[in-house]
Number of protein chains: 2
Amino acid sequence: MSYVHLFRRYLREQGLPVTQQREAVAEVVFESGGHLSVDEIEGLLRERGEKTGKATVYRTMEMLVKSGLVAERDFGEGFKRYEHLFGQMPVHGHLICEECGGVTEIQEVELKRIQDRVAALEGFAPARYRLEIFGLCAVCRAAGHELEWKGLSCPIERV
Amino acid sequence: MSYVHLFRRYLREQGLPVTQQREAVAEVVFESGGHLSVDEIEGLLRERGEKTGKATVYRTMEMLVKSGLVAERDFGEGFKRYEHLFGQMPVHGHLICEECGGVTEIQEVELKRIQDRVAALEGFAPARYRLEIFGLCAVCRAAGHELEWKGLSCPIERV
DNA sequence: CACCTATGGAGAATGATTCTCAATATCTAA
DNA sequence: TTAGATATTGAGAATCATTCTCCATAGGTG
Ligand SMILES: [Mn+2]
Ligand SMILES: [Mn+2]
Ligand SMILES: [Zn+2]
Ligand SMILES: [Zn+2]
């Protein structure tokens with residue numbers, strides 16, 4: 001099934017033209033399950049025979065994020081990644097393996113609850129959450145890789 | 001009191017020369033309480049009469065982060081910020097006000113515990129944590145600012 | 001269909017970060 | 001303390017993701 005009609009509706013609500021390029025970008029993102037970079041989105045568009053300029057992809061991603069249908073991520077690679085939120089909790093974090101680069105979703109509701117509680121303590125109204133935990137995934141651990149502390153030998157106290 | 005001797009120790013442990021520039025950068029960062037950008041660090045060095053090149057600041061920040069004495073942050077501004085970890089929990093998050101840009105520290109131990117629990121469920125070994133919550137701070141709320149949903153009018157379910 | 005306006009795209013511009021390389025500063029051992 | 005071996009510095013070039021510019025063209029309206 002297609003979710004593009006939701007993006008179309010958003011564009012109309014905002015009085016923005018529904019163009020072929022905008023629909024193509026949304027389709028490619030909605031059909032993918034992963035966390036896509038702009039380069040990867042361009043590649044998928046090319047595979048489908050669409051000739052969409054890089055600037056248009058960037059502009060459309062901005063709209064998709066504003067619409068709330070897509071979230072922007074940063075896994076510390078030097079560029080952004082995007083994922084649609086269909087079938088996912090809009091507030092979810094990521095476990096990122098520093099060995100293999102694999103990404104695992106954190107979908108625990110409990111995490112949002114405590115984050116909200118802490119924010120409320122400060123009188124803060126949360127709008128957007130970002131949680132990323134970098135380390136070693138189960139597969140890489142099983143393969144014998146290990147985390148090793150390469151910093152100061154007797155560091156300041158760690159919690 | 002000065003913490004620079006810890007960085008000096010780290011450099012010696014790694015067999016790296018202790019240079020005037022490295023000490024100057026560490027001093028400036030250790031003496032500041034905030035979340036500093038590379039530009040701000042350069043400014044502070046200039047105020048002290050040090051002539052340290054931008055490249056050296058970047059290189060030294062990388063070492064300070066590797067040593068574990070300093071953490072790298074990204075508040076979505078398009079550049080990195082750095083803070084020393086003396087007197088703070090090494091695992092702490094940030095509340096970032098989208099109206100005024102203010103940053104509040106989240107020092108709750110409970111947050112690390114549940115993050116670790118969730119990671120453990122996946123067999124993941126955590127090494128580095130990043131939690132940022134964007135929204136409206138108490139001051140801006142009191143001043144009448146409000147969060148408003150500008151996305152799709154009838155969005156997908158939100159948790 | 002025809003008009004008006006906003007978009008699309010190629011390539012230039014931007015800006016943070018990294019790289020290059022010759023002139024120095026640091027380290028070590030005598 | 002000095003000399004020699006080695007690593008660092010810093011100015012500016014290079015990189016690279018992202019944004020901007022501008023005009024030919026597509027989308028919306030009636
Ligand atoms: Mn995800
Ligand atoms: Mn902090
Ligand atoms: Zn892995
Ligand atoms: Zn504020």
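Just so it is clear: chains get the letters A, B, ... in the order the sequence lines come, proteins before strands, and each one is counted from 1. Excluded from the calculations below are hydrogen atoms, water molecules and symmetry mates; all remaining heavy atoms, backbone and side chain alike, are included.
Here the C1' atom of nucleotide C/dT17 and the CD1 atom of B/I41 are 14 Å apart, to the nearest Å. Protein atom CD of A/E23 is 14 Å distant from nucleotide atom C1' of C/dT7, rounded to whole Å. Distance B/E77 CD to D/dT18 P: 16 Å, rounded to the nearest Å. Atom pair B/L11:CG and C/dA25:P shows a separation of 18 Å (rounding to whole Å applied). Per the geometry, OH belonging to B/Y58 stands 15 Å off C1' belonging to D/dG12, to the nearest Å. When the C1' atom of C/dT24 is taken as reference, atom NZ of B/K51 falls 16 Å away, rounded to whole Å. Between the CD atom of B/E40 and the C1' atom of C/dA16 there is a distance of 14 Å, given to the nearest Å. One atom, CD of B/Q14, and another, C1' of C/dT26, lie 17 Å apart when rounded to the nearest Å.
Of the side-chain N and O atoms in A/T19, none sit less than 4.0 angstrom from OP1 or OP2 of C/dA6. One finds a side-chain N or O of B/T56 lying less than 4.0 angstrom from the OP1 or OP2 phosphate oxygen of D/dG10.
Residue B/R59 places its side chain closer to C/dT20 than to any other of C/dT20, C/dT26, C/dA6. Closest approach to the A/Q21 side chain among D/dG27, D/dC20, C/dG8 is made by C/dG8 (side chain taken as heavy atoms from C-beta onward).
In terms of position along DNA chain C, the nucleotide closest to A/T52 lies nearer the 5' end than the nucleotide closest to the other residue of the pair B/E62 and A/T52. For the pair B/D39 and A/A55, nearest-nucleotide mapping onto DNA chain C gives the more 5' position to A/A55.
Base contact: A/K54 has a heavy atom under 4.0 Å from a base atom. Residue B/F79 is classed as a sugar-phosphate contact, given heavy-atom separations below 4.0 Å to backbone atoms only.
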Can you list the steps and then say if A/F7 with A/E23 is a side chain to side chain contact (heavy atoms under 4.5 Å, CB included)? CA-CA 8 Å; A/F7 185 45; A/E23 292 195 323; 6.0 Å; no
Given A/E105 and A/H35, is the side chain to side chain donor-acceptor pair (under 3.5 Å) satisfied, shown in steps? CA-CA 11 Å; A/E105 314 278 335; A/H35 302 89; 2.9 Å; yes
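B/V139 and A/F124 fall into different hydrophobic clusters, where Ile, Leu, Val, Met, Phe, Trp and Tyr residues are linked whenever their side-chain heavy atoms come under 4.5 Å apart, directly or through other members.
Looking at A/R22, its side chain has no donor and acceptor atom pair within 3.5 Å of the base of C/dG8. With hydrogens and angles ignored, no donor-acceptor pair closer than 3.5 Å exists between the side chain of A/R12 and the base of D/dG28.
Shortest non-hydrogen contact noted between B/A71 and B/L85 is CB-CD2, 4.0 Å.
Under the 4.0 Å criterion applied to side-chain N and carboxylate O atoms, B/R117 and A/E108 are not assigned as salt-bridge partners.
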